[in-house]
Colleague: 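Would you mind keeping the following structure in view while I ask a few things?
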Amino acid sequence: MSTAVETISEQRCFDGVQGFYRHASAAVGGPMRFGVFVPEQAKRAPCPALYYLAGLECNEQTFAMKAGAQRAAAQLGLVLVTCDTSPRAARYPGDDASWDFGQSASFYVDATQEPWRQAYRMETYVTRELPDVVEASFPVVPDARGIFGHSMGGHGALTLALRNPDRYRSVSAFAPIVAPSQVPWGRKAFAGYLGPDESAWAAHDACALVRSTPLPIPLLIDQGTADKFLDVQLKPELFEAACAAAGQKLQLRRHAGYDHSYYFIASLIDEHIAHHARALSGS
C-alpha cells in the first residue's frame, strides 16, 4: 500500500478486509478519511471498485457499518469504497449551524462561492483524486468503476456520473435527491455553494443533466413509499419523466412501506451490488 495512505483501522470481514484510512487531499486542502472493503478474490487478481456516496449527516463509516454490503461484495468480487461527505479540516463560519449545509452536507459539488470554494471541492475529490489514491494503493482494476449513493449521495452518484460519463460503468441510487434546484435541501445548498444565479445550478441537477446528456448505461433507483422526504425533497417522478423524455434507460422501483433509513438500504443492497457487478464484470 502507498505510504501516502495512513491506516486508521482494519478488520477481517467475510474473508476480506474492511479498512478505514486517511490521506492528504490536494482537492480539499487537508486530510480526508475513506473506507475500503477488499474481498478475498483481490489477493489473486485486482477487482473492480464500487464507490458509495452517503447522505446528509453521514460519513465514510456509515454505509460500511449499516448497509451489510460486504457479504454480496465478497461473493461477487467487488471492492467497496466509501468517502466522507464533506471536508473536515477546513472550518468556516456557519458550517455547523444546520444539518443540511456545511459539515456533512457538501452535495458533492465543487463550490464556486467564498469561503466554500477554498475547500468544498468534492466533485474533484470523488471523481478524480479518490480514485487515483484507491487505484494506486489497493488491488483494483483501473477504470473499472461504479458509483451509487443514498439521498444527497444518490444526487451525487447520478450527477457525477452524468457529468463524467467516461468515469463510471454503472450507476444506482437509493432515495436520491433528483431535482435539487426545485427542492428545499438543494436550493439551500446550491445558493450557498454555487451562488444566487440559478442558471448555474442546472449543471448539478440530475433532471436537467439527463435531458441533455443521457448515459448509454441503465440506471437503477429504489425509493420507499413511506419515506417522509418523498413528496417535498425527493420527487422521483420528476427524474422518471426527464429520463423518459431523454430516452434514458431507468429502472425506478417503488417499495411499499419502506422509509429513508438504512433498514431500507440493507433490504435491497444485494440487488444493487449485483447490478454493479454485472456491468463491471462485463457480463
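Residue numbers start at 1 and run along the sequence shown.
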Colleague: Applying side chain to side chain donor-acceptor pair (under 3.5 Å), can you list everything that pairs with E60, at least two apart in sequence or on another chain?
Modeller: R33

Colleague: Could you work out, with salt bridge (charged side-chain N to carboxylate O under 4.0 Å, His left out) as the rule, every residue matching R117, not counting sequence neighbours?
Modeller: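 Applying salt bridge (charged side-chain N to carboxylate O under 4.0 Å, His left out) to R117 gives E114.
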
Colleague: With sequence neighbours excluded, what pairs up with A73 under the side-chain contact (heavy atoms from CB on, under 4.5 Å) test?
Modeller: F37, L78, L80

Colleague: Taking side chain to side chain donor-acceptor pair (under 3.5 Å) as the test, write out the residues that go with S170, two or more places apart.
Modeller: H276

Colleague: Identify all side-chain donor-acceptor contacts of residues 217-225 below 3.5 Å with residues at least two apart in sequence or on another chain.
Modeller:
unit_1, atom_1, unit_2, atom_2, d
D222, OD1, R253, NE, 2.7
D222, OD1, R253, NH2, 3.3
D222, OD1, H255, NE2, 2.6
D222, OD2, R253, NH2, 2.9
D222, OD2, H272, NE2, 2.6
Q223, NE2, D227, OD2, 3.2
T225, OG1, H255, O, 3.4
T225, OG1, G257, N, 3.0

Colleague: Tabulate below the donor-acceptor pairs under 3.5 Å that side-chain atoms of residues 198-208 make, not counting sequence neighbours, or state none.
Modeller:
unit_1, atom_1, unit_2, atom_2, d
E198, OE1, R187, NH1, 3.3
E198, OE2, R187, NH2, 2.7
S199, OG, D197, OD1, 2.6
S199, OG, D197, OD2, 3.0
W201, NE1, G195, O, 2.9
D205, OD1, C207, N, 2.9
D205, OD1, A208, N, 3.3
D205, OD2, S181, N, 3.0
D205, OD2, S181, OG, 3.0

Colleague: Residues two or more places apart in sequence or in another chain: which of them pass side chain to side chain donor-acceptor pair (under 3.5 Å) with Q18?
Modeller: Q70

Colleague: Has Q103 got a side-chain atom pairing as donor or acceptor with P87's backbone, closer than 3.5 angstrom?
Modeller: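 Yes; judged by distance alone, with no hydrogens or angles, the pair exists.
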
Colleague: Less than 3.5 Å apart, which donor and acceptor atoms pair up between the side chains of residues 40-55 and the rest of the protein, not counting sequence neighbours?
Modeller:
unit_1, atom_1, unit_2, atom_2, d
Q41, NE2, A74, O, 2.7
Y52, OH, Y262, OH, 2.7

Colleague: Just to verify, what does D100 make a salt bridge (charged side-chain N to carboxylate O under 4.0 Å, His left out) with, not counting sequence neighbours?
Modeller: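 Salt bridge (charged side-chain N to carboxylate O under 4.0 Å, His left out) list for D100, sorted by chain: K188.
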
Colleague: When the aromatic ring centroids of F101 and Y193 are compared, is their separation below 6.0 Å?
Modeller: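 F101 vs Y193: aromatic centres under 6.0 Å.
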
Colleague: For R91, enumerate each residue passing the salt bridge (charged side-chain N to carboxylate O under 4.0 Å, His left out) test, keeping only those at least two apart in sequence or located in another chain.
Modeller: D95, D96

Colleague: For E237, give me all partners under side chain to side chain donor-acceptor pair (under 3.5 Å), at least two apart in sequence or on another chain.
Modeller: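 Partners of E237 by the side chain to side chain donor-acceptor pair (under 3.5 Å) criterion come out as none, since no residue qualifies.
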
Colleague: Mind checking salt bridge (charged side-chain N to carboxylate O under 4.0 Å, His left out) for E135 and listing every partner two or more places apart, or none if nothing turns up?
Modeller: R145

Colleague: Between T124 and A27 (side chain of the first, backbone of the second, donor and acceptor by atom type, cut-off under 3.5 Å), is there such a pair?
Modeller: no

